[in-house]
Structure formats: structure tokens, C-alpha cells
Amino acid sequence: MGMIAASVFNLANSIEATLGSLLLTNHFSFREITFVAGGMIFFGVILIIVTHKIEDKSLFTAPKEVYE
């Protein structure tokens with residue numbers, strides 16, 4: 001699980017750097033880029049909430065034999 005989390009973190013960093021570079025190249029101001037970054041954070045929070053609601057929680061529970 002740790003490798004997946006690190007991979008996703010690195011992917012997000014590369015997307016942010018690429019998007020920031022593209023916006024600066026197209027003459028966006030730093031203020032506009034900040035609003036875009038805030039929108040990305042908001043989108044990430046929405047994804048966290050949605051995936052928390054739909055994920056199968058049974059994958060993270062121990063079998064009943066462990067409790068007996």
C-alpha cells in the first residue's frame with residue numbers, strides 16, 4: 001500500500017508542475033494559478049469523500065477467527 005501512496009503522490013506532483021508551467025507559459029498571473037491550485041485541492045477533497053463512501057470496507061476488517 002505504501003508504494004501505491006508514494007506513486008500517487010509523485011504523480012500528483014508531476015501534474016501540478018506541468019499544469020503550473022503551462023499556465024505560466026500562457027501568461028496566467030500567479031493569482032489565477034493560485035485559484036486553479038485551490039480548485040485542484042477542492043476536487044481532491046471531493047474525490048476523497050466519494051471514494052470513502054463507495055469503497056468496500058470489508059477489505060480492511062480482520063477475519064472473525066482473529067477475534068475468537
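Small disclaimer: the values here were computed from a predicted structure and weren't measured.
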Give every donor-acceptor pair under 3.5 Å between a side-chain atom in residues 35-53 and any protein atom, sequence neighbours left out.
| residue | atom | partner | partner atom | Å |
| --- | --- | --- | --- | --- |
| Thr51 | OG1 | Leu47 | O | 2.9 |
| Thr51 | OG1 | Ile48 | O | 3.1 |

Residues two or more places apart in sequence or in another chain: which of them pass side-chain contact (heavy atoms from CB on, under 4.5 Å) with Ser29?
Arg31, Glu32
Is it the case that one hydrophobic cluster holds both Leu24 and Phe28, taking links as side-chain heavy atoms less than 4.5 Å apart, direct or via other members?
yes
Side-chain contact test, heavy atoms from C-beta onward, threshold under 4.5 Å: evaluate it for Leu11 versus Ser14 and give yes or no.
yes
Hey, what do you get for CG (Asn10) to CD1 (Ile15), rounding to the nearest 0.5 Å?
11.0 Å
